[in-house]
Amino acid sequence: MPRQKSTETKIYVLDTNILLHEPHAFLSFKENDVVVPMTVLEELDYIKDSKKDVARDARVSIRAMEDLLHDATPEDMLAGVSMEGIGAGDTAPTGSLSIFTDLNMVESQQVFTSNENDNRIINVALHLQKTYAPQQVILVTKDLNMRLKAKGAGLAHVEDYRTDQLISDIKYLSRGYHRFEGNFWEQVKSVDSRSEGRDTIHTIPRNVLPEAYVNEFLLDDTEQFAGLVESASSDSLEVLDLGYERLMGRHAWGITPKNIGQAMALHSLLDPHIDLVILTGPAGSGKTLLALAAALEMVVERNMYDKIIVTRSTPEIAESIGFLPGTEEEKMLPWLAAITDSLEVLHKHDENTKGSMSYIMEKANIQYKSVNFMRGRSIQNAIVILDESQNLTASQLKTIITRCGEGTKLIVGGNLAQIDSNYLSAVTSGLTYLVEKFKDFSGSATINLDGVVRSRLAEFAEQQL
């Protein structure tokens, strides 16, 4: 049990799903003490040997705690081992980590007497709350039902893990563009323009848009001006003049944009200087179709890349991919039907659609890969399309992004309104984290596609259901 401290510090009790979501989460609580119940270690032990994708995260978390506690005596582990000296900067932890042997709790100390793991963890938090009052004891879990149970049992403080949450509400998520009311040029007091080849670049004061970031698109209500922030200093912005009509005239693999959002997305997808394109938006807004069309254009027509790798994550892949017959690519086909559907749309007017699809898949070297087998790879000179990424955590997305080697372009798409993961919400999704972390990186662009173009039925359903 942690040592008695002043009421200014807090005691955090961690649930298993926190350490699976972020294996080093116990290092994120600064000067406060962290308690890991024995039940959590048991659950991690069970998961680390499973075939689930989170088995790796369980092993990483166990190793990280062992590195800290390996020289500690059993008495030290119960009393708390200082985390001081681990990490650097303002966020470096200075509190202690202790293991609570909840398996030995006498029945009189238990509020829940049934033996479910969640109940045992809640019992630990309630016991510590009683023992260390008035010091705050906080249970941290991503399990919403567990938070309700803990509150109902009398625990005063229950929280979600928010260290990797960069925004408080999804409405604050970067959209990738800024729309000015009225005419853009009426809001600019001074401008210095220059030509570089066929491009015109305007230097405008930073106060026109103080929060501007690199690769953010600028639009206005006149539907004539469209620009792209190329660089930003403390007092000025350099804006590439794209022109609204010229932007709407972009095309790839026979596809032309149906709205300005798709036009901005296509511009970013076809830009060889942008290594990461993030496409967010509702179902039917064209994310997958645009990504595939741009990928085919750059691989087949322009010979800029060697191959297209398509991957996605769904909660069931880790458990159920094994029973399907065939190779890895054949096993992945049911989950990547959205890609084959899009490929069919791109070639629906061909005389032999199936023949065209087979030819293009071979010509463009399209490979279907499971996200589970991306670890350890180094992907060179390819386009990687990561679909349905809203179900991934920040650490899982990091694993995939760090696979991308020299000359590889990554296209990440997802709909934050369709999260299937048990422990993720729109604000804690890895996709949200990625958008906010990369928004000012000169090698990335984010576009929120807000118009449903699939059909009037899909558009009505998105708005009304």
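Considering all non-hydrogen atoms of both residues, D241 and G243 come closest at OD1-N, 3.3 Å. Taking all atoms of both residues into account, the shortest heavy-atom contact from A426 to I170 is O-CD1, 3.7 Å. Of all heavy-atom pairs spanning M65 and L19, the tightest one is CE-CD1, 4.0 Å. The two residues A212 and V229 make their nearest non-hydrogen contact at CB-CG2, 4.4 Å. Among all heavy-atom pairs drawn from V60 and H24, the shortest one is CG1-CE1, 3.7 Å. When all heavy atoms of E301 and W253 are compared, the pair lying nearest together is CG-CZ3, 3.6 Å.
Residues E238 and R194 are paired through a salt bridge, judged by an N-O separation under 4.0 Å between the basic side chain and the carboxylate. For K409 and D275, the salt-bridge test fails: no basic side-chain N is under 4.0 Å from an acidic carboxylate O.
A donor-acceptor contact under 3.5 angstrom links the side chains of S425 and T428, judged on distance only. At a cut-off of 3.5 Å, with distance as the only test, no side-chain donor of D192 or H202 sits close to an acceptor on the other residue. A side-chain donor from one of T141 and D15 sits under 3.5 Å from a side-chain acceptor of the other. Side-chain contact check for S174 and Y213: at least one donor-acceptor pair (N or O, by modelled atom type) lies under 3.5 Å. Judged purely by distance below 3.5 Å, without hydrogens or angles, the side chains of D220 and T222 pair a donor atom with an acceptor atom. Between the side chains of S96 and D33, at least one donor N or O sits under 3.5 Å from an acceptor N or O. Q418 and D420 are not linked by any side-chain donor-acceptor pair at a separation below 3.5 angstrom, with hydrogens and angles left out of the test. In the model, D450 has no side-chain atom that pairs as donor or acceptor with a side-chain atom of N448 under 3.5 Å.
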Report the C-alpha separation of L449 and T280 in whole Å, then their side-chain angles, then the decisive distance to 0.1 Å, and conclude whether the side chain to side chain contact (heavy atoms under 4.5 Å, CB included) test is met. CA-CA 6 Å; L449 300 166; T280 63; over 6 Å; no
Would you check, one step at a time, whether the test side chain to side chain contact (heavy atoms under 4.5 Å, CB included) holds for I18 with K142? CA-CA 7 Å; I18 302 300; K142 301 196 79 64; 3.4 Å; yes
The test is salt bridge (charged side-chain N to carboxylate O under 4.0 Å, His left out); show your working for D235 and R206 and say whether it passes. CA-CA 5 Å; D235 56 357; R206 180 70 187 246; over 6 Å; no
Pair F29-M83, side chain to side chain contact (heavy atoms under 4.5 Å, CB included): steps then yes or no: CA-CA 10 Å; F29 296 92; M83 293 184 279; 6.0 Å; no
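F184 and F225 have parallel rings, their planes meeting at less than 30° on a 0 to 90° scale where 60° marks the start of perpendicular.
When atom types are taken as modelled, the side chain of S236 and the backbone of S233 share no donor-acceptor pair closer than 3.5 angstrom. Not one N or O on the side chain of R179 forms a donor-acceptor pair closer than 3.5 Å with the backbone of L219. Here the side chain of N215 pairs no donor or acceptor atom with the backbone of D440 at under 3.5 angstrom. Remark: the backbone N or O of I62 is not paired with any side-chain donor or acceptor of E66 at under 3.5 angstrom. Proximity of a side-chain donor or acceptor of Q396 to a complementary backbone N or O of T393 within less than 3.5 Å is detected.
Considering only heavy atoms from C-beta on, H178 stays 4.5 Å or farther from F217 through its side chain. When side chains are defined from C-beta on, N183 does not count as touching D221, because their heavy atoms never get closer than 4.5 Å. Residues T432 and L416 have side chains in contact (heavy-atom distance under 4.5 Å, counting atoms from C-beta outward). Here the side chains of L289 and I255 are in contact, with some heavy-atom distance below 4.5 Å. No side-chain heavy atom of L14 sits under 4.5 Å from any side-chain heavy atom of V40.
Sparse packing is recorded around CD of E181, with 12 or fewer heavy atoms of other residues, nucleotides or ligands lying under 6.0 Å away.
In this view, N381 and Y305, D306 satisfy the side-chain contact (heavy atoms from CB on, under 4.5 Å) rule, not counting sequence neighbours.
Applying the ring-ring contact (aromatic ring centres under 6.0 Å, His included) rule to pairs touching residues 439-465 yields F438-F441, sequence neighbours excluded.
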